[in-house]
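First up is the structure itself, then whatever we jot down about it.
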Amino acid sequence: MESPELTFTLAYTVLSLCFVFTPNEFRSAGLTIQNLFSSWLGSEDMDFIHYHIKRSSTTLLVHCALPIGYFMGMCIAAPEKHLRYIHQMSDTWKVFFILSLCLLLASYILIIFWSRRHWHNHPISRALQAHVQPPHSNWRSVASHINTEFRRIDKFATGVPGARVIVTDSWVLKVTTYHVYMAAQRDCHVTVTESRQHQLNPDSASPIQLLTLRVHSINPAVRPFDIRLNSTEYAELREKLHVPIRNSANVVIRQTISELFLETFQAHVNLNQSYSLPSGQEVEPCIGCMQMPANTKLVRLCHVDGADVETECEQCFCRPMWCLSCLGRWFASRQDQQRPETWLSSRVPCPTCRAKFCILDVCGVH
């Protein structure tokens, strides 16, 4: 029969590792520092920088308290060791207690030092100091700018809370357990340095490709850092970055089926006849992305000339409302994802009026 001491040691070790590295089950149960201390941390959306200053400080303090927590638990789990009274402990437990207490006190003193002058000494605040240049007068001004951009819904964000990658209009951010790395887009360049393929993917039957990208800044005060993401998110990251991404390791970035289909879709549409806008009608922004002009029009062209053969396609009377990329994504989203070989020959309803069309009916607007 196992002793209570061994049972408690194994249970506390597993729980501590799960609390530090936080698996999905712990996040679902709310057993995270972000959730347990949410009332003090505040809102990440409202004050991104100060939220992570307080989160990283709290995380450090809690992690450093785990050894002393183990000692206190052993006082209850193994009373025969007489751990409640220091003069009755063995020399090994005395050393463990003193080291655990010193670790906790050292972390507490460090956090007190960080918090002086409204967290002026915190590592995240010092990292912000490197970006102080006009129009920013101090690190709090830089923090306010990052907070404003983080609140925008068009930012790129991926990863778990302990290893998140966030790209806003002006910043590349990497959130880790104890720090937030940052680089201004205007000063940095990004390089793909490594690619790893994993066969086991719980969310898909196909393997996943993980990319490692190195972010360098021309600002000498900014340390380079690595970001990691799934290759399926690479295209979205590339759209948000304003700087080119170099490939120093000649890494082949595997595209998703949807991305490959979108390229083929656009190539086939370019072979179709074009549509000329009526006189006086202007091209409006695409209602799907609101960024590109609506450069496609659905015109029934797939009927057979001189024959009585009728197709399932219908005439669409909508004005040009969608760009080619958004229409291609809509076309792909309506397909059987398990049978990609049928996508090009299939028909889908118009996203606006529901009239069925095929790829031959998509015309570019000129």
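What's counted below: heavy atoms across the whole structure, side chains too, no hydrogens, waters or symmetry copies.
A distance-only check finds a donor-acceptor pair linking the side chain of Arg126 to the backbone of Asn121 [under 3.5 Å]. Here the side chain of Arg238 pairs no donor or acceptor atom with the backbone of Ile245 at under 3.5 angstrom. Distance alone, capped at 3.5 Å, is enough to place a donor-acceptor pair between the Ser56 side chain and the His52 backbone. At distances below 3.5 Å, not a single donor-acceptor pair connects side-chain atoms of Thr191 with backbone N or O atoms of Thr193. Under a 3.5 Å cut-off, the side chain of Asn138 and the backbone N or O of Val132 do not form any donor-acceptor pair. Panel note: side chain Asn35, backbone Leu31; no donor-acceptor pair is recorded below 3.5 Å. Remark: the backbone N or O of Cys316 is paired with a side-chain donor or acceptor of Lys297 at under 3.5 angstrom.
Val348 pairs in a side-chain contact (heavy atoms from CB on, under 4.5 Å) with only one of the listed residues (Lys356, Arg354, Arg334), which is Arg334. Among Val222, Val172, Ile124, the one residue that satisfies the side-chain contact (heavy atoms from CB on, under 4.5 Å) test with Met182 is Ile124.
With sequence neighbours left out, Asp91 forms a side-chain hydrogen bond (donor to acceptor under 3.5 Å, both in side chains) with no residue at all. The salt bridge (charged side-chain N to carboxylate O under 4.0 Å, His left out) check on Arg214 picks up Asp226, with sequence neighbours excluded. Residues that satisfy the side-chain hydrogen bond (donor to acceptor under 3.5 Å, both in side chains) test with Ser141, not counting sequence neighbours, are His136. Legend: residues meeting salt bridge (charged side-chain N to carboxylate O under 4.0 Å, His left out) with Arg228, ordered by chain and number and at least two apart, are absent. Residues passing the side-chain hydrogen bond (donor to acceptor under 3.5 Å, both in side chains) test with Thr59, sequence neighbours excluded: none. Scored by the side-chain contact (heavy atoms from CB on, under 4.5 Å) test, Ile76 finds no partners at all (sequence neighbours excluded). Not counting sequence neighbours, the partners of Phe8 by the ring pair (Phe, Tyr, Trp, His ring centres under 6.0 Å) test are Tyr12, Tyr70.
Side chains of His120 and Trp139 form a contact here, defined as non-hydrogen atoms less than 4.5 Å apart. At least one side-chain heavy atom of Ile53 sits less than 4.5 Å from a side-chain heavy atom of Ser125. Within the 4.5 Å cutoff, the side chain of Arg152 has no heavy atoms near those of the Phe150 side chain.
Within a 6.0 Å radius of CD in Gln129, other residues, nucleotides and ligands contribute more than 12 heavy atoms. The 12-atom threshold is not exceeded at CZ of Arg223, counting heavy atoms of other residues, nucleotides or ligands nearer than 6.0 Å. With a 6.0 Å radius and a threshold of 12 heavy atoms from other residues, nucleotides or ligands, Arg339 has its CZ atom at or below the threshold.
Judged as a salt bridge (Lys or Arg N to Asp or Glu O under 4.0 Å), the pairs with a partner in residues 19-46 (not counting sequence neighbours) are, in order, Glu44-Arg164. Counting only residues at least two apart or on different chains, the side chain to side chain donor-acceptor pair (under 3.5 Å) pairs with a member in residues 281-296 are Glu284-Arg319. Screening residues 174-188 for side chain to side chain donor-acceptor pair (under 3.5 Å) gives His63-Tyr178 as the qualifying pairs, with residues at least two apart or on separate chains. Residue pairs that meet the side chain to side chain donor-acceptor pair (under 3.5 Å) test with at least one member in residues 266-276, sequence neighbours left out, are Gln266-Ser325.
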Side-chain donor-acceptor distances from residues 97-118 under 3.5 Å, at least two apart:
residue : atom : partner : partner atom : Å
Ser100  : OG   : Phe96   : O            : 2.8
Ser107  : OG   : Leu103  : O            : 3.4
Ser107  : OG   : Leu104  : O            : 2.7
Ser115  : OG   : Ile111  : O            : 3.3
Ser115  : OG   : Ile112  : O            : 2.8

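Looking at Ser57 and His122, their side chains do bring a donor and an acceptor atom within 3.5 Å of each other. Under 3.5 Å, the side chains of Ser170 and Glu149 contain a donor-acceptor pair of N or O atoms. A donor atom on one side chain and an acceptor atom on the other are not found under 3.5 Å apart for His131 and Trp171.
Ring geometry, Phe261 versus Trp343: the interplanar angle exceeds 60°, so the pair is classed perpendicular (tilted spans 30 to 60°).
With respect to Arg196 and Glu194, a salt bridge is recorded, a charged nitrogen being found less than 4.0 Å from a carboxylate O. Under a 4.0 Å N-O distance rule, the pair Asp169/Lys240 qualifies as a salt bridge.
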